[in-house]
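Labels below follow one simple rule: chain letters A, B, ... track the order of the sequence lines, proteins then strands, and each chain is numbered from 1.
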Protein chains: 2
Amino acid sequence: MPDDMTRLPEAAPLTQSLPEQIAARLSERIVGSTYPPGQRIMEQAVAAEFAVSRGPVREALRLLEKDGLVTILPRRGAQVTNLSIAEVREIFDIRAMLNGLRDRLIAEDPDRLRVLPLLEAEVATLARLSRAPGAGEDYVEAVSRLNRILASATSSRRLRAMLGSLGLQTLRYSQLGLSTPQRRKQSVQHWQRLVKAIRDGDGAAAERVAQQRVQDSRDAAIAQLQRLRLEAATPKTKTGGAA
Amino acid sequence: MPDDMTRLPEAAPLTQSLPEQIAARLSERIVGSTYPPGQRIMEQAVAAEFAVSRGPVREALRLLEKDGLVTILPRRGAQVTNLSIAEVREIFDIRAMLNGLRDRLIAEDPDRLRVLPLLEAEVATLARLSRAPGAGEDYVEAVSRLNRILASATSSRRLRAMLGSLGLQTLRYSQLGLSTPQRRKQSVQHWQRLVKAIRDGDGAAAERVAQQRVQDSRDAAIAQLQRLRLEAATPKTKTGGAA
DNA sequence: CATTGTAAGATTGTCAACAATCTTCTTGAC
DNA sequence: GTCAAGAAGATTGTTGACAATCTTACAATG
């Protein structure tokens, strides 16, 4: 008699559950800003749209809350998470540390040569795009691919999940940090140094570069955000308190 | 007219919701090993015990899954999360990075003097306990208090939540790392250096010390774990392959 | 005796209705 | 005209029942 009587085989669910499907659809709308920050999400409306009962919708909202995309207030319902500038900064700080860990582990992984060619090819694309004027969209897309490659090379399921969640929460703001050609030039340098560190198996260097990259991204995004909120908060000459 | 029409006031829930209460009770049993790793948790049984319907129980299980205490397999139900040694290591690695961030932010916080006396008093207690033989329980308790103080000094709600969750998941193993007087001696030194770094406002030093402390704790815990699992896997002379 | 197919039981997934709470609109007083 | 109190509507929280799926035990077959 084997002693695994209480052990359930950890099988990947072949078919996505109903709450997961609903959560995925809602997630698209949130990160795509169809549902803007602060937007309230009501269970009955979602249930009616997807032709299901409120039960699965409630579970879907809990899943989204786990990823930080919605905030659930007891007896008040769910709304799309609205981040303060301080919170955006905090998330970038956490991302910097965990990205550093991720890239260090990859650089120290003997099996890293499997993804190195992919990384090098993508960084070459990045360098090309950074020289081309006005390719901001493509550049952001290429960075996204790079992060996906690195995520796939991360052996830790937990670390991957945490970084994925934090990345979703700040997706809207990450792009703000790459909006100038100057910033993209700096970004390319970081990526080149990172790939070199991974190639050399230099974990400490990979960690340092990764942290610096996210911190730079953080500062640029925050600066942009403050500019945006300032002009948004000045619709009339009303709030001009300081003479 | 203020523009906060879609904004819900972020009120702290005065009374814990029913799912939260259930989750709290179950959480105690999990971290207290009343429910051992791998133990299956069935909705109907829990519902019957707390005299509620299965709905709130399902939500409670989702809450526990968010904290990593249970694992939910679709159509299979929930079970107490069973961590492999590799996963324990991964969690400690993540904790090291985030503890580093937390303590750096505290050291750089101008408002840190508010908690400094508390920290110094607790570290003094720690030093006393480390010289007393056979005070392992008390030592672990004091370290727990220190971590609570540092958590309360963390301004970032997210960082606090993440560290709390990771701490719960590895609570069972953290104590393993402080089981010898020798380890406790080393631990005290780390805490003393950390408090000094916070007092001096030296963020970089605080981060370095915090990371080292968790990494040492990680190595000690892993070594203990491997020893435990080895002897657990040798109930008879059955698997004794090497003569 | 091992293996596979089947059936019964157990467990999770979903639903619709009811209860409790919150929000908003109206009404009245000052 | 402004503010407070109350009622009506809307929304979330909870429940019990039903459906779908999984596990386990048993029997038939090689």
query: Does the side chain of L83(B) come within less than 4.5 Å of R89(B)'s, by heavy atoms?
result: no

query: R114(A) and D111(A): salt bridge (charged side-chain N to carboxylate O under 4.0 Å, His left out), yes or no, with the steps?
result: CA-CA 6 Å; R114(A) 197 173 53 86; D111(A) 197 38; 3.6 Å; yes

- line: Between CD of E59(B) and P of dT15(D) the distance, given in whole Å, is 11 Å

task: Find which nucleotide of DNA chain C each of I41(B) and A51(A) is nearest to by heavy atoms, and output the residue with the more 5' nucleotide.
output: I41(B)

- prompt: Rounded to whole angstrom units, what separation is found between the CG atom of L18(B) and the C1' atom of dA20(C)?
  reply: 13 Å

- prompt: Rounded to the Å, how far apart are F50(A) CZ and dC15(C) P?
  reply: 13 Å

- request: Could you check how far CD1 of I72(B) sits from P of dG13(C), rounded to whole Å?
  value: 8 Å

message: Keeping S174(B) on the side-chain end and T170(B) on the backbone end, is there a donor-acceptor pair under 3.5 Å?
response: yes

- request: May I ask you to verify if any side-chain N or O of R58(B) is less than 4.0 angstrom from the OP1 or OP2 atom of dT12(C)?
  value: no

message: Can you identify which nucleotide, out of dT23(C), dT11(C), dT14(D), has its nearest atom closest to the P19(B) side chain?
response: dT14(D)

- prompt: Between the side chain of R58(B) and the main-chain N/O of G55(B), is any donor-acceptor distance below 3.5 Å?
  reply: no

- request: Establish, with yes or no, whether the OP1 or OP2 oxygen of dT14(C) is under 4.0 angstrom from a side-chain nitrogen or oxygen of R54(A).
  value: no

query: What is the distance, rounded to the nearest whole Å, between atom CG of L73(B) and atom P of dT12(C)?
result: 11 Å

task: Return the value, rounded to whole Å, for the distance between atom CZ of R62(A) and atom C1' of dT12(D).
output: 11 Å

field: Rounded distance (Å) that lies between atom P of dT14(C) and atom CD of E20(A)
entry: 10 Å

field: G55(A) vs Q44(B), nearer the 5' end of DNA chain C by closest nucleotide
entry: Q44(B)

message: In this structure, how many angstroms lie between the C1' atom of dT11(C) and the CZ atom of R40(B), rounded?
response: 7 Å

statement: From the candidates dT12(C), dT23(D), dT12(D), the one with an atom nearest any side-chain atom of R75(B) is dT12(C)

task: Could you check which of dA16(C), dT15(D), dG13(D) has an atom nearest any side-chain atom of S53(A)?
output: dA16(C)

message: Checking the side chain of S156(B) only, and the main-chain atoms of L159(B) only, is there a donor and an acceptor separated by less than 3.5 Å?
response: yes

